[in-house]
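What follows is a short report on a single structure.
Ligands are counted one by one from 1 in listed order, and the atoms in each one are counted from 1 as well. Scope of the values below: all heavy atoms of this structure, side chains included, with no hydrogens, waters or symmetry mates.
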Amino acid sequence: MTTKSIKWSEVMQNNYGTPAIEISRGEGAYLWDQKGKKYLDFLGGISTNLLGQAHPTVSKAVKKQIDELGHVSNLYAHPQGLALAKKLQRLVGDTSAKVFFCNSGTEANEAAIKLSRLTGRKKIVSTLGSFHGRTIGSLSITGQEGKRIAFKPLLNDVKFVPYGDLKSLSKAVNRRTAMVIVEAIQGENGVVVPPVGYLKGIREICDRTGALFVIDAVQTGMGRTGNWFGYESEGVVPDVITLAKGLGAGLPLGAMITVGSKAPAFKPGEHGSTFGGNPVACAAANAAIDYITSRNVLDEVKIRSQELIKALEPLEGVSDVRGSGLLLGIVLDNEIANQLAQLCATHGLLVNAPNSHVIRIAPPLIIKKKQVNEFVKIFSTALKEAIDV
Ligand code: PLP
């Protein structure tokens, strides 16, 4: 399809600004723009395209499903949704876990907020720098003032504490707290990793006060960190897990999952979504999970991660490489991340700058050593250029 004559600014809201690149095709970890320029995609639809673009396993499952049954609404059960819920029970390690399907991360967190109200408590404790979504509820628990300011008043009874600081969290949480929500790694805030023991400490605080422990695994779930869920490295089990991004392997799908017996359950009529858990999106998720499991993709994720860290850490201009698995933040000595991301794109590499001194990478989980080498080559060239400017 040619869209040469359509100008973004004439047809789109300006909430994203005008994108510099128009992507028209993808295969594996590569994308092509309208002019035929090729890019190595180290952002993966912002931590979303688990198996990259046009993966034969996902494509086949999606095509088969759309030919058989495209959509049924939430009035009926369907095999792909049931099968996916069963798989998620296995992945979270609780055969009595209960799943609510939606379409996005913000909806998964909205569901968690509503569920927490059923405890009879209203207070929510979240962390500064966190990102939980753009709808009013999720925005209310997002700890970034710049994103909130124009939309006040937001929900009352939300307290923000510094991320990684157990003392402050312990002070803020009490027997009136409905839920504590955290990310295992703050992705949007620049891939910020909390101190070891942080999630364990939150588990203890929630156990002591009766507050629900909600982990927003929207960005750190579905194998991104080298484990199925980012929190696994601490050996904790939350009461509620929210998922999206990678879950649909490129299709829109979110989930809120209750684990164990502490979280209340929705009763009929208390929550819903027309498209949530759509058969085609669930078919993509089922195919991707089966592929990752049968090919031991998570072992590969860990190996690629080490290769990247080893190559990036010694580069001049890089002060730290943080994160886990294939969610890495390259911390720069200087505030040149935006210019650097643009230079990378000029050289045919897509990454992003969540803030002025960090480059985030979140490539498809199926990248090989060859793509790591290609990434390092382009990235170091662009970094040199950015420093020399
Ligand atoms: N939670 C986290 C941790 C995220 O990183 C994001 C998106 O970046 C969201 C929630 C919101 O997800 P969505 O954009 O699918 O609504």
Side-chain angles (χ1 to χ4, degrees), residues 13 15-16 43-50 100-116 124 126-144 146-148 151 154-155 158 160 163-164 179-194 198-199 202 213-225 227-231 238 240-257 273 275-278 281 284-285 322-329 351-355 358 360-363:
Q13 283 278 339
N15 53 314
Y16 302 115
L43 197 52
I46 317 184
S47 193
T48 292
N49 301 318
L50 293 188
F100 165 76
F101 284 123
C102 49
N103 309 283
S104 65
T106 200
E107 287 172 80
N109 288 325
E110 290 289 335
I113 294 168
K114 279 181 73 177
L115 193 83
S116 80
I124 295 175
S126 180
T127 56
L128 290 167
S130 62
F131 185 74
H132 299 296
R134 300 280 192 169
T135 49
I136 290 290
S138 300
L139 190 60
S140 299
I141 59 171
T142 287
Q144 298 189 31
K147 295 191 167 69
R148 299 154 49 87
F151 304 101
L154 299 170
L155 288 184
V158 183
F160 293 99
Y163 186 63
M179 66 184 247
V180 174
I181 184 161
V182 290
E183 299 156 80
I185 295 171
Q186 285 188 335
E188 294 303 302
N189 196 28
V191 193
V192 178
V193 182
Y198 183 55
L199 299 181
I202 300 179
F213 182 12
V214 182
I215 291 199
D216 177 340
V218 167
Q219 189 152 160
T220 53
M222 302 316 296
R224 175 59 47 197
T225 61
N227 289 317
W228 278 108
F229 307 103
Y231 60 79
V240 179
I241 301 160
T242 56
L243 292 175
K245 288 198 184 276
L247 177 61
L251 270 73
L253 184 61
M256 185 218 48
I257 309 173
S273 163
F275 267 116
N278 161 278
R322 63 194 185 197
S324 184
L326 288 175
L327 177 61
L328 296 176
V351 296
N352 97 312
N355 62 44
V358 177
R360 170 177 49 180
I361 56 171

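Residue Glu188 touches ligand 1 through its side chain alone, judged by heavy-atom distances below 4.0 Å. The proximity of His132 to ligand 1, defined as any non-hydrogen pair under 4.0 Å, is limited to the backbone. Contacts of Thr242 with ligand 1, taken as heavy-atom pairs under 4.0 Å, are absent altogether.
At a cut-off of 3.5 Å, with distance as the only test, a side-chain donor of Thr106 or Ser138 sits close to an acceptor on the other residue.
Remark: ligand 1 atoms within the under-4.0 Å shell around heavy atoms of Asn109 are 1 (N), 10 (C). Listed by atom number, the atoms of ligand 1 under 4.0 Å from Glu183 heavy atoms are 3 (C). Every atom of ligand 1 is numbered from 1 in the order shown, and the set under 4.0 Å from a heavy atom of Ser104 is 15 (O), 16 (O).
A donor-acceptor pair under 3.5 Å is formed between the side chain of Ser130 and the backbone N or O of Gly143. No donor-acceptor pair under 3.5 Å is formed between the side chain of Thr242 and the backbone N or O of Met256. Arg224 places no side-chain N or O within donor-acceptor distance of the main-chain N or O of Gln219, the cut-off being under 3.5 Å. In this structure, the side chain of Tyr231 does not engage the main chain of Ala217 through any donor-acceptor pair within 3.5 Å. Looking at Arg134, its side chain never comes within 3.5 Å of a backbone N or O of Lys147 through a donor-acceptor pair.
Of all protein heavy atoms, the one closest to atom 2 (C) of ligand 1 is Phe131 O, 3.2 Å. In this structure, atom 1 (N) of ligand 1 lies nearest to the protein heavy atom Asp216 OD2, 2.7 Å. Nearest non-hydrogen protein atom to atom 13 (P) of ligand 1 is Gly105 N, 3.5 Å.
Some N or O of Thr106 is nearer than 3.5 Å to an N or O of ligand 1, by distance alone.
Under the 4.0 Å distance rule, the nearest protein heavy atom to atom 5 (O) of ligand 1 falls inside the cut-off.
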Decide yes or no on side chain to side chain contact (heavy atoms under 4.5 Å, CB included) for Val191 and Leu328, but give the supporting numbers first. CA-CA 6 Å; Val191 193; Leu328 296 176; 5.6 Å; no

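For Thr127, the side-chain hydrogen bond (donor to acceptor under 3.5 Å, both in side chains) criterion is met by Gln186, not counting sequence neighbours.
Looking at Lys245, Gln186, Gln219, it is Lys245 that brings a heavy atom closest to atom 7 (C) of ligand 1.
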